[in-house]
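In what follows, chains are A, B, ... by sequence order, proteins preceding strands, each numbered from 1.
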Amino acid sequence: MSDGGDSGNAIADRIAARLSVYLGPHTGRAAVKTFAQKALGRGPETLTLADVPALQTALRPMLRTFVGRAQCEVVLKQIAQELGV
Amino acid sequence: MKYRLLAFVPLVFALVLGGAALAFPGSQETVLTVQAESGKLLDFIGCLAAALAFERGDYLSRAWFTYGSCSLLLVVKDAIGEGGSPTTGLVRGLVVLAANTLLAVGVFMLARAWSVAGLVDDPKARARRRAMFAVAALASLAVTGWPLVHDVQSLLGGRFEALVSIASDLGDAVGLALLAPLATTALALRGGVLRWPWTFITLAGVTWLAYDVSSGLIDHWHVGPGLALVGSEALRGAANLFAFSAGIAQRLAVAPDEVHAAS
């Protein structure tokens, strides 16, 4: 899988890496940052496992736009499985 | 690798059919007609494949279907044929108008995908996006401005068939101006599989730009059958096939096995 970057937070990096398969590493990182701010009001460096469901909800419209509803749910499920939430 | 192969499809298509048109001068018109019509059909098929990769109602499903419908309508226009009664001419004009409207709306929808997705540019990227849009808008004006003025003058002079050209000019103008957001989206997605559909659809637009310039020069200089015409038609075929490649790349990118393949 492509490198998702280095936010200093392992959870953010794992999510960014998963998104980077589709969006590339730069936009994968930018998406985690944008939607962490929108959903949680905090940066990606503060993410905890408890934040993941809210971040997934925030990422859903973006993923639906780019990969469609069906594949969006597959990606979100993979993120949840990778992080064990 | 499969995405890189798609980049060669338009080049091979243009070279093979362009080469055939030059190799058989007696059949040049037939070869160029086959090239034009098969190119439009493949354009539609590629975009339909992309649209069907999504579920009904998904944003990009609608965008790809709208974009690809232009080519299908242009095949219909060609099937109606030239000449005939004023009614036939009017129907042709309306079909071209509808085709170009769909093209402009389709390009607009693809160009807007970035903001529809809720992604936000950083200040540097925003400045780059604006600068590229300004350059593309100027290029669009330079390429389509004069033909548009000429066609409007013809319409005002009572030549109602100029409506067909005006519709085409306006579709080209919008499509070319929107090359910038398509290109910046492709650039932003570099490293991800989604860069491929956006790169190919941008290349389709660039190739249309080259075709518009070359066909304008051919009309201006009244160039007959030969290398210039074959070259110009090859550009049109390549533009259609870049749209085909974009649609297939989009379908591959959102195929269920892509994530596993990339993991």
Side-chain angles (χ1 to χ4, degrees), chain A residues 1-7 12-44 54-83, chain B residues 3 49-65 109-126 128-129 184-199 201 249-263:
Chain A
M1 189 158 63
S2 307
D3 177 19
D6 182 15
S7 68
D13 289 346
R14 293 291 287 275
I15 298 171
R18 178 51 63 186
L19 297 178
S20 76
V21 171
Y22 293 97
L23 306 176
H26 174 76
T27 300
R29 280 195 303 273
V32 174
K33 183 179 174 187
T34 299
F35 293 105
Q37 283 289 352
K38 276 187 185 174
L40 309 164
R42 297 184 264 114
L55 182 58
Q56 284 180 302
T57 302
L59 288 169
R60 187 170 274 116
M62 182 273 292
L63 278 171
R64 278 185 176 179
T65 302
F66 274 119
V67 299
R69 273 175 286 181
Q71 196 60 18
C72 161
E73 296 308 320
V74 172
V75 175
L76 293 178
K77 194 174 167 189
Q78 284 174 332
I79 288 172
Q81 280 174 346
E82 279 184 26
L83 296 172
Chain B
Y3 294 103
L52 294 177
F54 294 90
E55 288 185 31
R56 182 182 287 211
D58 281 344
Y59 181 79
L60 284 179
S61 174
R62 287 183 279 126
W64 282 110
F65 188 74
M109 289 179 78
L110 289 170
R112 270 194 78 221
W114 180 265
S115 50
V116 168
L119 290 165
V120 180
D121 289 323
D122 59 41
K124 195 175 157 188
R126 198 176 305 133
R128 186 173 57 210
R129 202 172 273 266
T184 47
T185 301
L187 201 60
L189 296 171
R190 63 192 178 277
V193 290
L194 287 173
R195 74 184 183 275
W196 293 105
W198 263 270
T199 298
I201 209 70
Q250 174 73 85
R251 187 174 180 87
L252 289 173
V254 300
D257 63 340
E258 185 59 52
V259 171
H260 306 296
S263 294

Minimum heavy-atom separation for A/Ala31 to B/Leu119, with atom names?
CB-CD2, 3.9 Å
What closest approach, in Å, do B/Asp58 and A/Gly68 show between heavy atoms, and which atom pair accounts for it?
OD2-CA, 3.3 Å
Which residues in residues 36-44 of chain A have any heavy atom closer than 4.5 Å to a heavy atom of chain B?
A/Lys38
CG-OG1 distance between B/Leu194 and A/Thr27, expressed to the nearest 0.5 angstrom:
10.0 Å
Top residue by heavy-atom pair count (under 4.5 Å) with chain A, among B/Arg190, B/Gln250, B/Arg195?
B/Arg190
From the list B/Tyr59, B/Phe54, B/Trp198, ring-ring contact (aromatic ring centres under 6.0 Å, His included) with A/Phe66 holds only for B/Trp198
Side chain, backbone, both or neither: which part of B/Arg62 has a heavy atom under 4.5 Å from chain A?
neither
Apply side chain to side chain contact (heavy atoms under 4.5 Å, CB included) to B/Ala249 and list each qualifying residue two or more places apart in sequence or on a separate chain.
B/Tyr3, B/Leu6, B/Trp196, B/Pro197, B/Phe200
Chain B contact via A/Ala30 - side chain, backbone, both or neither, heavy atoms under 4.5 Å
neither
Could you report the tightest heavy-atom contact between A/Pro25 and B/Gly191, atom names first, then the distance?
CD-CA, 4.0 Å
